[in-house]
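Working notes for the structure below.
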Amino acid sequence: MSKKTAAIDIAEATRLEMYRSQYRLREAEQRAFDLFLQNLVKGTSHLSLGQEAIAAGFATAMQPGDLTFCTYRGHAHTLARGVSVEKVLGELMSRDNGLMRGKGGSMHLTSVEHGVMGSYAIIGAHLCIACGAAWRAQYQGKSDVTTCFFGDGTTNIGAFHEALNFAVIWKLPVVFVCENNLYMEYTPIKDVTAVAQPAADRASAYGLERILIDGNDADVVYQTAQKAYARARAGEGPSLIECLTYRHSGHSRADPAKYRPKGELEKWKESDPVKTYRARLLAQGIKASVLDEIERVVKAEVDAAEVACKASPLPPDEIMFTDVYADGGCAWRN
Amino acid sequence: MSKKTAAIDIAEATRLEMYRSQYRLREAEQRAFDLFLQNLVKGTSHLSLGQEAIAAGFATAMQPGDLTFCTYRGHAHTLARGVSVEKVLGELMSRDNGLMRGKGGSMHLTSVEHGVMGSYAIIGAHLCIACGAAWRAQYQGKSDVTTCFFGDGTTNIGAFHEALNFAVIWKLPVVFVCENNLYMEYTPIKDVTAVAQPAADRASAYGLERILIDGNDADVVYQTAQKAYARARAGEGPSLIECLTYRHSGHSRADPAKYRPKGELEKWKESDPVKTYRARLLAQGIKASVLDEIERVVKAEVDAAEVACKASPLPPDEIMFTDVYADGGCAWRN
Amino acid sequence: MAELTYRDAVARAIAQEMERDPDVVLLGEDVAKAGGVFKATVGLYEKFGPKRVRDTPISEQAFMGAAMGAAMTGLKPVVDLMFADFAAVCWDFFANEFPKSRYMTNGQVKVPLVIRLANGSARFGAQHCQSVENWCMMIPGLKVVVPSSPVDVVGLLAASIRDPDPVIFLEHKSLYAVKGEVPDGEIVDTLGTAKILRPGKDATILALALMVPRALAAAERLKAESGIDCEVIDVRSLLPLDTRTILESLSRTGHLFTVEENPRLCGWGAEVVSIVADEAFYDLDGPPVRITTPHIPLPPAELEDLLIPSVDRIVETVRRTLTA
Amino acid sequence: MAELTYRDAVARAIAQEMERDPDVVLLGEDVAKAGGVFKATVGLYEKFGPKRVRDTPISEQAFMGAAMGAAMTGLKPVVDLMFADFAAVCWDFFANEFPKSRYMTNGQVKVPLVIRLANGSARFGAQHCQSVENWCMMIPGLKVVVPSSPVDVVGLLAASIRDPDPVIFLEHKSLYAVKGEVPDGEIVDTLGTAKILRPGKDATILALALMVPRALAAAERLKAESGIDCEVIDVRSLLPLDTRTILESLSRTGHLFTVEENPRLCGWGAEVVSIVADEAFYDLDGPPVRITTPHIPLPPAELEDLLIPSVDRIVETVRRTLTA
Ligand SMILES: Cc1ncc(C[n+]2csc(CCOP(=O)(O)OP(=O)(O)O)c2C)c(N)n1
Ligand SMILES: Cc1ncc(C[n+]2csc(CCOP(=O)(O)OP(=O)(O)O)c2C)c(N)n1
Ligand SMILES: [Mg+2]
Ligand SMILES: [Mg+2]
């Protein structure tokens with residue numbers, strides 16, 4: 001696992017942007033949790049508190065027009081592409097101001113205008129779908145790259161295998177990112193996986209390089225992403241990147257995460273990506289006031305989002321009957 | 001690829017049995033083809049002419065009670081477990097004397113009493129099902145081993161990946177045998193696979209040893225099978241074995257195999273398993289008369305089978321309504 | 001007699017059968033140590049140990065297949081598939097393997113297993129709240145069981161485990177917390193039997209799972225508000241289907257309503273209406289009417305509530321039809 | 001005007017649309033160099049090259065997903081799934097992905113693609129001859145098209161490729177060799193329209209695909225042998241469903257028969273019968289009757305022929321019902 005962060009040369013503006021992004025994801029998801037405790041989130045939700053460096057690192061390395069595919073645990077990746085906190089929280093709260101006006105919910109955040117092509121809640125499918133988006137870029141001679149995020153548990157489903165093989169033989173500009181947070185729901189990934197590193201140890205089965213990185217270090221993530229994107233844009237095909245990380249909260253809102261061994265969470269909190277990154281920036285000479293200002297602006301966005309969401313009405317009932325088909329409606333007969 | 005056949009020490013009786021088996025598979029399938037040309041086989045069929053060493057080698061290494069799972073290309077594996085030629089040809093000809101009295105057809109040959117637990121025509125599923133049969137042995141403390149045969153093309157479907165991972169984490173007594181005959185239907189396997197050896201190059205993704213053998217050499221197959229069975233019976237878990245081979249006929253009865261590069265078939269016919277094995281036995285000092293007698297007995301079985309099948313009636317119409325449910329019938333209502 | 005939740009009834013039935021038959025095993029994602037995502041298998045791992053209660057990877061095809069292979073060779077697996085929508089990732093086993101092996105092999109292969117699905121609405125959105133009972137009913141060779149109460153869960157799940165055929169057992173997510181009286185001791189019900197929960201003479205209302213309490217509530221309101229006396233039948237089992245009870249009820253009431261949670265087209269209601277229209281046409285005193293979820297994907301959270309048949313909608317549909 | 005086989009009509013329609021729209025692409029197993037397992041795409045690889053006509057591995061999930069991702073971002077993929085039964089190994093895409101994305105994203109995501117399936121009986125046995133049109137009709141958000149003749153293949157496949165929604169296009173294996181006249185030049189039909197192929201006044205017979213020629217032959221015999229004059233409607237499209245043409249016909253004939261190849265339960269016939277029973281109850285002069293394959297898996301070879309609705313069975317059922 002590459003650990004040479006000190007050697008990474010990243011522009012200050014980029015580093016500040018990655019801090020802002022991580023801090024914003026953290027704040028937005030913590031607010032989502034607060035709203036849930038206030039019983040204002042009626043559907044399910046899956047937080048990625050603790051995994052922010054991955055979303056921030058990749059999104060920062062992306063170019064406009066690049067595409068993101070994520071799972072039900074997709075708040076962070078959606079926000080990281082620039083979607084407003086209001087639209088995300090609005091969707092979680094099923095309000096009319098939500099990203100999909102409440103029709104998708106937390107598990108399906110999508111913002112095509114930001115390149116967020118969807119959040120998928122049935123494990124596996126979106127790795128295949130991401131291949132198709134990348135194929136379109138190749139077919140049309142476009143230079144955009146598609147990134148597909150998924151968890152460690154997802155490496156054991158058949159669609160993972162099919163997508164990886166397919167992406168390689170068609171040499172598609174797609175980057176597969178496995179966020180290994182050690183658990184599939186409540187079961188430790190090591191209990192159900194034939195290899196130690198569920199993604200990295202399988203790269204060779206697709207003729208790919210083994211890439212295993214510290215997913216809590218935004219600089220490492222950013223640099224790895226850049227390399228994979230350069231490779232994809234050069235027509236050299238897909239990458240598979242395994243990022244080691246940990247989720248601070250339970251699997252979903254219903255999960256108190258009692259299955260964790262004692263001390264595990266505490267140990268991982270020592271490498272909390274937001275806190276460690278702040279410390280690093282300070283150590284690198286960035287002024288605390290600069291970071292404080294970033295935090296203040298983020299907090300203001302999140303506060304304003306909460307107010308706007310609480311004020312937003314539920315969507316009108318008619319919305320349930322729209323957009324099943326391209327004609328805008330749901331008629332299946334004449 | 002191990003090629004040290006000279007060093008393999010196999011009892012003469014076993015070698016003769018493997019010759020008999022290969023010769024029998026060859027004769028039976030050639031007869032099936034003749035019957036098809038006589039328009040006596042109305043359903044589809046998939047021959048494994050040229051691949052006999054694999055079926056013969058594994059079946060000879062099996063013990064009574066061991067279980068076999070095969071694909072639609074399952075005539076050879078079914079016969080190799082001792083099922084009569086008559087029952088197999090009868091099934092192909094949809095006669096009442098067929099193995100399933102015509103209800104399954106060529107693609108679904110099954111003889112539970114011989115340990116042939118079925119032939120499966122949708123790619124992938126039977127690798128998973130084989131896991132279950134092996135799990136039952138483990139659960140009940142039985143020593144039988146399950147063997148699952150499949151083709152090179154099958155390594156690209158998701159079920160392959162799921163089954164392999166599953167078998168390893170549960171340490172199941174199952175042996176996965178990939179018969180790499182270079183083609184998935186009409187497409188060369190190398191055009192659609194990210195690695196050169198579709199099974200062997202993926203073994204490491206499941207923490208398994210890489211095993212790639214000459215599938216046209218029954219001695220190599222037999223020895224490899226023995227090792228895998230010993231490992232399984234010792235509770236050390238599954239094996240994945242890739243056997244290089246070639247099918248002499250088209251994919252199915254509908255396929256004239258025009259997609260083959262010129263000379264490919266001819267080259268492979270030089271290592272025709274039946275012919276080369278006969279030559280080897282002769283070179284090892286076995287008398288021609290011994291082999292001739294084996295051939296005569298086999299031919300007599302096949303001839304008698306043809307006569308019996310031609311004389312057998314079609315199954316009675318009522319049979320179509322039996323055995324949907326365990327009560328013997330098909331009633332879904334009262 | 002004890003009061004049990006629907007979710008606890010699941011665990012009780014499985015425990016009853018595991019105690020009785022050492023070949024009964026349970027497998028699925030998070031089913032062992034975690035007691036299941038819906039907490040319907042809590043305590044079984046502790047009671048029966050890691051050999052009989054096993055967690056699986058996210059490999060639905062692998063563990064459906066493993067269950068089948070085990071069933072073919074002597075075990076009686078009970079599989080937890082979690083959300084019913086996930087049937088789509090292993091549909092090959094539902095459609096092509098479980099139900100066809102016995103037939104194709106002329107009876108040589110047996111597939112005695114139970115697949116448990118958490119079916120139906122619960123505000124999780126389009127990919128987690130489908131009702132797939134009609135997907136299953138379409139497939140020849142399956143049995144399809146859909147309980148609406150804790151006591152039925154115990155009796156029908158036990159019967160399903162003992163059944164020699166592949167049974168798809170659809171638990172309703174929104175019923176897991178519902179409580180009901182369950183007698184002590186062994187309970188084994190009979191598959192393929194509908195239950196008349198409320199006798200009535202003016203119309204027959206058929207329902208399944210979550211729709212059963214709604215149909216009952218609607219019947220009470222119809223009686224109180226309009227004097228319409230509905231017979232409410234809990235269909236309980238789609239395969240085998242108790243057409244006798246249904247046709248007999250219809251012959252007395254002359255009016256048929258089905259209350260379905262699956263999206264409108266090709267649901268079990270369509271099947272029942274077609275059977276009735278064909279075989280009991282002259283018993284019908286008016287059009288048979290299906291009350292269903294509209295044929296659209298489900299939105300999450302509160303929006304979902306507006307699409308699933310409600311007590312109000314049942315009451316209004318029956319009243320409008322009978323007073324037309 | 002040229003005489004074309006049903007299989008050649010497939011290639012012609014795809015060629016027509018590929019010529020017109022550079023974003024139309026074709027993918028599937030053995031679809032390129034080999035021209036498809038059913039030879040329905042012969043010549044397209046040679047004409048449009050390896051970039052637009054692509055062979056895939058045996059990875060149905062991967063290429064269904066790839067088609068979807070491409071469709072979402074601007075291409076118009078046509079996918080060859082080969083045998084319809086294989087829908088089961090990638091059912092997640094049919095049930096959970098293609099049809100739900102537009103809805104869940106409030107219209108942001110579009111999925112304009114066509115999945116071609118070789119459907120129905122052709123003597124290959126239980127895992128290769130299923131009729132899955134009802135599997136598809138059950139799923140809200142899909143369109144489902146089922147042509148019975150070469151000219152309909154061209155026009156409906158072209159319309160499907162131009163359609164902005166996911167279309168499941170079910171070709172019938174046993175029709176591939178059938179010939180028919182097809183006009184020269186561009187042909188584009190309209191989805192969601194049934195066709196009255198034979199007017200009649202005594203009964204309405206609805207059929208799809210291979211059942212259409214059988215229904216027509218049965219109608220001729222019924223007329224000649226018993227003087228019964230049947231209207232035969234080729235339904236052509238299950239989603240959208242042309243209920244107007246069906247209900248209008250029924251209002252004239254008073255009798256409904258559906259001829260279905262899918263196994264009996266929850267077929268499209270059940271849906272149509274239920275619609276008619278509800279909305280046109282008082283137009284019915286007798287029970288609406290479904291003629292279907294029985295609810296059992298299919299045996300291979302000659303045995304299959306006995307289970308699929310035949311001309312004889314249609315004739316007998318209609319005659320018995322109308323003279324009862
Ligand atoms: C096909 C399928 N099976 C099971 C589930 C239920 N499920 C939802 S999330 C999850 C765990 C996924 O684990 P992982 O891939 O590691 O992602 P993480 O949740 O840790 O981000 C499971 C099993 C599902 N959504 N889809
Ligand atoms: C899921 C699925 N996809 C496609 C097919 C069609 N098909 C039948 S055999 C075959 C090729 C299989 O190739 P391989 O695994 O190499 O086996 P072989 O036929 O060479 O023995 C294909 C694609 C199928 N039966 N099932
Ligand atoms: Mg995880
Ligand atoms: Mg092959």
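To find a chain, count down the sequence lines: A is the first, B the second, and so on, and within it residues start at 1. This is a predicted model, so every value here is computed, not measured. Computed over heavy atoms, backbone and side chain alike; hydrogens, waters and symmetry mates excluded.
For M107(A), no part lies near chain D; criterion is any non-hydrogen pair under 4.5 Å. Only the backbone of P22(D) comes within contact range of chain A, with at least one heavy atom under 4.5 Å from a heavy atom of that chain. Proximity to chain A (any heavy atom under 4.5 Å) is shown, for Q108(D), by both the backbone and the side chain. No part of L164(A) comes within reach of chain D, as not one of its non-hydrogen atoms sits under 4.5 angstrom from that chain. In this structure, chain D has heavy atoms under 4.5 Å from both the backbone and the side chain of Y139(A). Looking at L27(D), the atoms closer than 4.5 Å to chain A (heavy atoms on both sides) all sit in the side chain, from C-beta outward. Only the side chain of N96(D) comes within contact range of chain A, with at least one heavy atom under 4.5 Å from a heavy atom of that chain. Heavy atoms closer than 4.5 Å to chain A are found in the side chain of V25(D), but not in its backbone. At a 4.5 Å heavy-atom cutoff, the contact between L247(D) and chain A is made by side-chain atoms alone.
No side-chain N or O of Q61(D) forms a donor-acceptor pair with one of D92(D) less than 3.5 Å apart. Side chain to side chain, Y72(A) and S45(A) fail the donor-acceptor criterion of an N or O pair below 3.5 Å. No hydrogens or angles considered: a donor-acceptor pair under 3.5 Å links the side chains of H75(A) and S106(A).
Put simply, of P240(D), G107(D), P140(D), S59(D), the one with the most heavy-atom pairs under 4.5 Å next to chain A is S59(D). Ranked by heavy-atom pairs shorter than 4.5 Å toward chain D, the options H108(A), Q140(A), E162(A) are led by E162(A). Taking chain A as the reference chain and counting heavy-atom pairs below 4.5 Å, the highest number among T105(D), V111(D), T245(D), T193(D) is found for T105(D). With respect to chain A, the highest number of heavy-atom pairs below 4.5 Å among E60(D), K51(D), M68(D), K110(D) belongs to K51(D). By number of non-hydrogen pairs under 4.5 angstrom with chain D, the leading residue of A163(A), A159(A), A331(A) is A159(A). Comparing P164(D), S237(D), G141(D) by how many heavy-atom pairs each has under 4.5 Å with chain A, the most go to G141(D). The greatest number of non-hydrogen atom pairs below 4.5 Å with chain D, out of G98(A), G158(A), G104(A), C330(A), is found for G104(A).
Taking the charged nitrogens against the carboxylate oxygens, E248(D) and R244(D) have no contact shorter than 4.0 Å, which rules out a salt bridge. Classification of D152(D) and K195(D) as a salt-bridged pair holds, one side-chain N sitting under 4.0 Å from a carboxylate O. Using a 4.0 Å cut-off between charged nitrogen and carboxylate oxygen, R252(D) and D283(D) do not count as a salt-bridge pair. A salt bridge links D144(A) with R136(A); the closest basic N to acidic carboxylate O contact falls under 4.0 Å. By the 4.0 Å N-to-carboxylate-O rule, R101(A) lies close enough to D96(A) to be salt-bridged with it.
Centroid-to-centroid, the aromatic rings of F58(A) and H77(A) stay 6.0 Å apart or farther.
Note: H126(A) and Y120(A) have parallel aromatic rings, judged against thresholds of 30 and 60 degrees for the angle between ring planes.
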